[in-house]
4 protein chains.
Amino acid sequence: MAGSVNKVILVGNLGRDPEIRQFPNGGSVASFTVATSESWKDRNSGERKEKTEWHRVAVFSEGLVKIVERYVKKGSKVYIEGQLETRKWTDNQGQEKYTTEVVLRNFGSTLTMLDGRDGPSGGRGVSEDGGSYGDSSPRQVDGPREDFSADLNDEIPF
Amino acid sequence: MAGSVNKVILVGNLGRDPEIRQFPNGGSVASFTVATSESWKDRNSGERKEKTEWHRVAVFSEGLVKIVERYVKKGSKVYIEGQLETRKWTDNQGQEKYTTEVVLRNFGSTLTMLDGRDGPSGGRGVSEDGGSYGDSSPRQVDGPREDFSADLNDEIPF
Amino acid sequence: MAGSVNKVILVGNLGRDPEIRQFPNGGSVASFTVATSESWKDRNSGERKEKTEWHRVAVFSEGLVKIVERYVKKGSKVYIEGQLETRKWTDNQGQEKYTTEVVLRNFGSTLTMLDGRDGPSGGRGVSEDGGSYGDSSPRQVDGPREDFSADLNDEIPF
Amino acid sequence: MAGSVNKVILVGNLGRDPEIRQFPNGGSVASFTVATSESWKDRNSGERKEKTEWHRVAVFSEGLVKIVERYVKKGSKVYIEGQLETRKWTDNQGQEKYTTEVVLRNFGSTLTMLDGRDGPSGGRGVSEDGGSYGDSSPRQVDGPREDFSADLNDEIPF
DNA sequence: TTTT
DNA sequence: TTTT
């Protein structure tokens, strides 16, 4: 299409440690959920209200997966720039389901740590060397999976 | 949560005329879908590939609903700024489903026409006076509905 | 213009305490500078490089000025959404100068604290009641000024 | 700095054809100005008001310079994502000046045509092959320049 | 279902 | 200097 833009910007905290999975072809994906919340005063009752929204995030960019592996964990506050993607899948009962995610691929995607203490400053110019980094490694799922998408969908309800 | 951001920016075209619904309490919602697409050259095959993503949009801001009613129709190119929201609902078979939408509420939400010919310049400072506007009115669903969310969910598969 | 967008998003830290000024007509403005920085590895030398950019910010939205007064101070990390504006002025030697600022007015502007400890969650739905809030009040410039813009320009070099 | 973001999003029209300059080292820059405008109804007088803002844009990303060369010209409507940079220079009278620009470098920068007729769909995955493209080539400044920044600053007043 |  |  001549000129379209698909961009999501989130600042929020991770609900759990990220999950990293290797693909048979060598690629990998980091997935996690991010909470954002709003609060407002109800017009009628005058009560303070709050609503939390959970966003499912999938990181496919190689450099950003490394950042996630080393620095991002449950509770981390992150700035994320990605794109919206909806994919169709079939659950165990044969029901068709749709899942919408914020996806970080190479171009125009960013992940920046906002916690201060740990981690690098920006998620783009990722240095390619490794190195552990304290003890905050994410929950690594061991080994390649084949039924990747069904597996992911079992765990998170949307 | 101390400091979160939930923002979606889309530039794309409407797949169909918007649908406007009145709520019993006087509010209204305009809903439509927006297509964005990307194209790239496949690394292996060298082929040109294209992928279109469909985004479900729901406009609750009173001023923006008016803009949509008057100026936005099938094929319109729009700039949209809203927030991601996922809601749970139950289909006719009693299955729980989740639908993720780009929602435009009052603050920080924008809808701007990018087609040039028709429409006002920006979706924020909406003048409160009415007036028809050519012949490009959207498909108006007549009258208030009670089972609003189930109804919407019948029509669009995600 | 049919469909234009002017938006700046910054995440960075304040270089100094904000400066608040009252206008004779009752309005006020909060101004401060925000640093963002990038680091990258130089392609030729392999050295780690870093560059800091300073952004001049002016907050005119009444609710956001209150937020700034109470919660924002030197070193605070903030998320800011505003618009770019360039204004012309004349310095003491009669030279014409141009200053570009990130301006926060009512619509679509946001300021969110990212420090965690202090402050409210979002800069939009600001409650209109007052209240001190610890000891972190910004450097308040006492009383209305008439030569507002020249005064500001004396202090910051761009 | 741990975690900063510097992002500008513009949708607007070019005031003139872009200017392309080659650097001695082989790089190039495309520069142009983009207009955005707002209109609102004055609270007191009830009059319709309009204000146009001019943004100076400098494109350093190699792929995006090609896009600009081929497709972007006076009057074109574009979507731009870049970062804010302020640089210091000295004019002919030895006066120090500051110029703030929206700069498009490699990562996270985008330029997308919104005019419909001409041009490719997105400014990121630029194909590296050439090709003229009708007659809409921008005003090409011939040959490399050495005093690049002074030269640019002569022409545009901020 | 849009658009190029 | 653009655009409506």
Side-chain angles (χ1 to χ4, degrees), chain A residues 1-6 86, chain B residues 10-19 31-40 48-57 67 71-80 112-123 125 127 133-134 138-139 155-158, chain C residues 1-6 86, chain D residues 10-19 31-40 48-57 67 71-80 112-123 125 127 133-134 138-139 155-158:
Chain A
M1 183 179 312
S4 67
V5 174
N6 173 1
T86 297
Chain B
L10 299 177
V11 174
N13 298 276
L14 273 79
R16 288 196 193 186
D17 284 343
E19 199 159 295
S31 53
F32 50 89
T33 52
V34 166
T36 58
S37 76
E38 294 183 285
S39 68
W40 68 98
R48 190 109 223 111
K49 303 243 181 171
E50 178 157 6
K51 188 186 164 202
T52 295
E53 195 70 38
W54 286 97
H55 309 274
R56 185 176 175 133
V57 178
I67 293 282
Y71 306 117
V72 179
K73 56 179 194 290
K74 177 177 172 177
S76 295
K77 173 160 286 189
V78 290
Y79 172 94
I80 279 177
T112 302
M113 301 294 302
L114 295 177
D115 283 323
R117 335 156 222 311
D118 41 28
S121 56
S127 62
Y133 195 93
R139 180 162 53 104
E155 301 169 20
I156 308 192
F158 63 88
Chain C
M1 182 179 313
S4 68
V5 174
N6 174 1
T86 297
Chain D
L10 300 176
V11 174
N13 299 277
L14 273 80
R16 289 195 193 185
D17 283 344
E19 198 159 296
S31 54
F32 50 87
T33 52
V34 167
T36 58
S37 77
E38 293 183 285
S39 66
W40 68 98
R48 190 109 223 109
K49 302 241 181 173
E50 179 157 6
K51 188 187 164 203
T52 295
E53 195 70 37
W54 286 96
H55 309 274
R56 184 177 176 133
V57 178
I67 294 283
Y71 305 117
V72 178
K73 55 179 196 288
K74 178 176 173 176
S76 294
K77 174 161 285 189
V78 291
Y79 172 93
I80 280 177
T112 302
M113 301 294 303
L114 296 176
D115 284 323
R117 334 158 223 311
D118 40 28
S121 56
S127 61
Y133 198 90
R139 180 162 52 105
E155 301 168 19
I156 308 190
F158 62 88

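No experiment lies behind these values; they were computed from the predicted model shown. Letters A, B, ... mirror the listed sequences (proteins, then strands); counts begin at 1.
- Judged by distance alone, the side chain of C/S4 and the main-chain N or O of D/S37 form a donor-acceptor pair under 3.5 Å.
- Residue ring and nucleobase are stacked for D/W54 and F/dT1, with a centre distance beneath 5.5 angstrom and an angle between planes beneath 30°.
- When rounded to the nearest whole Å, the span between NZ of D/K77 and C1' of F/dT2 equals 10 Å.
- In this structure, the nucleotide among E/dT3, F/dT1, E/dT1 sitting nearest to the side chain of D/T33 is F/dT1.
- The CG atom of B/N13 sits 16 Å away from the P atom of E/dT1 (whole-angstrom rounding).
- Here E/dT2 presents its P atom at 11 Å from CG of B/L14, a figure rounded to the nearest Å.
- When the P atom of E/dT4 is taken as reference, atom CH2 of B/W40 falls 19 Å away, rounded to whole Å.
- Atom OG1 of residue D/T33 and atom CZ of residue D/R56 lie 9.0 Å apart, to the nearest 0.5 angstrom.
- Checked against F/dT1, E/dT3, F/dT4, the side chain of D/E50 finds its nearest nucleotide in F/dT4.
- For the pair D/M113 CE and E/dT4 P, the interatomic distance rounds to 13 Å; values are reported in whole Å.
- Distance CG (B/L114) to C1' (E/dT4): 16 Å, rounded to an integer number of Å.
- Between the side chain of B/T52 and the base of E/dT2 there is at least one donor-acceptor pair of N/O atoms closer than 3.5 Å.
- Distance D/K51 NZ to F/dT1 P: 19 Å, rounded to the nearest Å.
- In this entry the distance linking CG of B/L10 with C1' of E/dT2 reads 13 Å, nearest Å.
- Once rounded to the nearest 0.5 Å, the distance linking CG of D/D17 with CD of D/E19 reads 10.0 Å.
- With sequence neighbours excluded, the residues satisfying side-chain hydrogen bond (donor to acceptor under 3.5 Å, both in side chains) with B/K51 are A/E85.
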